[in-house]
Amino acid sequence: VQGATGATGPAGPSGSSAFSAITAGTNTTSAMVLGSGSSLTVSGSGTNNATSLGGDASALIARLASPTFTGTVTLPSGQALIANVTDGLDFYWTIQGLIIKGDTAERSINFWAQDTDHEHLTFSNCTILGQLWVWGSNCTVDSCTFIGTGLTNRNNALEFTGTGESGTRGTGNTVSNCIIHDYAVRGIWFQGRPSGGTASENIVYDIGTEASDGLGIDMDGANRITWGNLCSRNTIHDCGEAAINLENAFDTLVEKNRLYANGDSFGDYAIQVLAYDTGQTGGGYGAAAQRGEDSDVTILQNLIYSNTGRGIQVNYADGVEILGNTIVANGGNAIKFDDGGSGWTANCNILGNILSMNDDYDDWAEIAFADSIDSIGLDDYNIFNPRSQCYAMVVAPFTDYTLSEYQSAVGKGIDSVEADPLFLSASNYRLQSTSPAIDLVPMGVIGAAVDLDGIPRGRGTADDAGCYETLKGGPRNI
């Protein structure tokens, strides 16, 4: 069993004979030895295998963590494999190189850990044809493939669950370098008051059905708050509702993601930030009314293009920083704010972005406000290339503004520019060497050391607008 120094899972007994099936009342996992390439079928009666196998379910998971087992685990239709760990037990298990198959009504593989802080469970290089649920902290899912194709029940590929009302379970979980596709509701879900979670360098696609819109990555508290999370360098496409959803999220960074072809209607979005009242606190955040509280959410250097709905939607959340993004050719507005008529988005900032050719519906606006045009904080150093002359609009009562009208009305956007940003091509959103977006943004405004390609910022006299940096008169990004 692999783990941190001095930490191991249960060891298998010596002299045990090998077998390839676990059946309630017949074979037990305590006598189990599995070699490389073995195929294991779990069977039994009852609503799930935790019931039918009793305590053997936890022992089975420990045996699967043996580095000698690299085979296939098949769960019978409608049954789940559940490892239920009580107070104070650290996992420190590494499960790697397995193919796990299970088609159940909810989660195929469940790791419960009641009121513990550090489970340190690792799934690595596994193929999972089912749903994985991890209820613990400091757990890692890396370089795994989740496939929902053909499953009867395929709600969420991977679910990290936090502690609920209080406590620290659900902290520090990470999913990285995974490929996730063909699930009905969510690809990755951090829920139940999680904190310190990371989703990075994953590829998520084909999430959602006609009956249920899909979310690529959902970081929400599930009617609670969540904080301190990172969503970075993911590629997300063809999700029915949104690529990235943040609900009651605080101190969260969404950076350097590539988001395209998401949503199935004008009202959908690539990224949503939503705040509503939960009456909870955590991580120094949250109050009786979360709407309008400073969220410290930063949306930084993302490439958001060709989505059916809006690029970014901010509902009732204050303190959202939208910095250095390239938002182009989306069916809805590049950015929309809804302050609920109460000024809840008064301190959101839009700085150093490229907003180009968005909103092919009837209002033609790059930026939309549900209630008031002055319901945000700073708005400047953006390059604006509209389908028409409409830079901003207010939904109720309907009013639209050109850039100059917007500058006069609210005194914002003074250093923004209306111009074609001159992308390299219709499908390559890096900048030509003569782009007016080059050196548009004073250094430090975007606040990033490198761009989406990893090229250092500030290669000229200032930073370039959008998610890509180049050098005027010099080499182009390719």
Side-chain angles (χ1 to χ4, degrees), residues 1-10 50 57-58 60-67 73 80-98 100 102 106-128 130-146 156-164 167-180 186-202 204 217-222 226-232 234 252 283:
V1 177
Q2 297 179 347
T5 302
T8 63
S58 293
L60 173 58
I61 298 298
R63 298 300 179 269
L64 299 184
S66 168
V73 179
L81 183 62
I82 300 177
N84 190 358
V85 180
T86 56
D87 296 356
L89 177 64
D90 287 353
F91 275 165
Y92 291 101
W93 293 341
T94 295
I95 297 176
Q96 60 184 349
L98 299 188
I100 304 176
E106 186 59 28
R107 295 106 170 176
S108 311
I109 309 147
N110 299 351
F111 289 86
W112 287 70
Q114 302 289 341
D115 300 321
T116 60
D117 289 340
H118 306 288
E119 282 92 39
H120 296 282
L121 169 72
T122 296
F123 264 82
S124 176
N125 292 292
C126 292
T127 298
I128 299 174
Q131 303 169 87
L132 174 60
W133 187 24
V134 179
W135 193 337
S137 297
N138 301 311
C139 299
T140 298
V141 179
D142 180 68
S143 301
C144 293
T145 299
F146 292 79
N156 308 305
L158 171 60
E159 179 179 345
F160 288 114
T161 297
T163 183
T168 57
R169 188 179 57 233
T171 64
N173 293 314
T174 297
V175 51
S176 58
N177 301 297
C178 291
I179 299 173
I180 300 171
R186 298 175 183 87
I188 299 168
W189 191 15
F190 291 80
Q191 65 105 345
R193 203 170 179 271
S195 63
T198 297
S200 66
E201 300 189 78
N202 301 287
V204 183
I217 298 176
D218 191 8
M219 290 184 167
D220 78 68
T226 176
W227 67 95
N229 300 306
L230 171 65
C231 188
S232 177
N234 301 284
T252 292

Peer 1: Nearest 0.5 Å, what's the CG-SG distance between N202 and C231?
Peer 2: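 N202 atom CG to C231 atom SG measures 8.5 Å (nearest 0.5 Å).
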Peer 1: Just checking, is any N or O donor in the side chain of S124 or D142 under 3.5 Å from an acceptor N or O on the other one?
Peer 2: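 No, no side-chain donor-acceptor pair sits under 3.5 Å.
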Peer 1: What I'd like to find out is whether the side chain of I188 reaches to under 4.5 Å of the side chain of I180, using heavy atoms alone.
Peer 2: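 A side-chain contact exists here, since the closest heavy-atom pair is under 4.5 Å.
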Peer 1: Tell me the closest heavy-atom pair linking L230 and M219, and the distance in Å.
Peer 2: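 Where L230 meets M219 most closely, the heavy atoms are O-CE, 3.4 Å.
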Peer 1: Please report the interatomic distance CZ(F160) to CG(N229), rounded to the nearest 0.5 Å.
Peer 2: 11.5 Å
Peer 1: Are E159 and Q131 linked by a side-chain donor-acceptor pair shorter than 3.5 Å?
Peer 2: no
Peer 1: Quick one: pull up CZ in F123 and SG in C178 and give me the separation to the nearest 0.5 Å.
Peer 2: 11.0 Å
Peer 1: Are any of the side-chain heavy atoms of F146 and L132 separated by less than 4.5 Å?
Peer 2: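 Yes. Closest side-chain heavy atoms under 4.5 Å.
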Peer 1: Quick check for you: to the nearest 0.5 Å, what is the distance between T161 atom OG1 and Q191 atom CD?
Peer 2: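 So the gap between those two atoms works out to 4.0 Å.
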Peer 1: Looking just at side-chain N and O atoms, do T252 and W227 make a donor-acceptor pair shorter than 3.5 Å?
Peer 2: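 Per modelled atom types, T252 and W227 side chains form no pair under 3.5 Å.
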Peer 1: With no hydrogens and no angle check, just 3.5 Å: does a side-chain donor-acceptor pair link D220 and W189?
Peer 2: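 Yes, because at least one side-chain N or O of D220 sits under 3.5 Å from a partner of the opposite role on W189.
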Peer 1: Do F190 and T198 touch side chain to side chain, with heavy atoms closer than 4.5 Å?
Peer 2: no
Peer 1: Return the CZ to CD1 distance between R186 and I217, rounded to the nearest 0.5 Å.
Peer 2: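 Output value for this atom pair is 13.0 Å.
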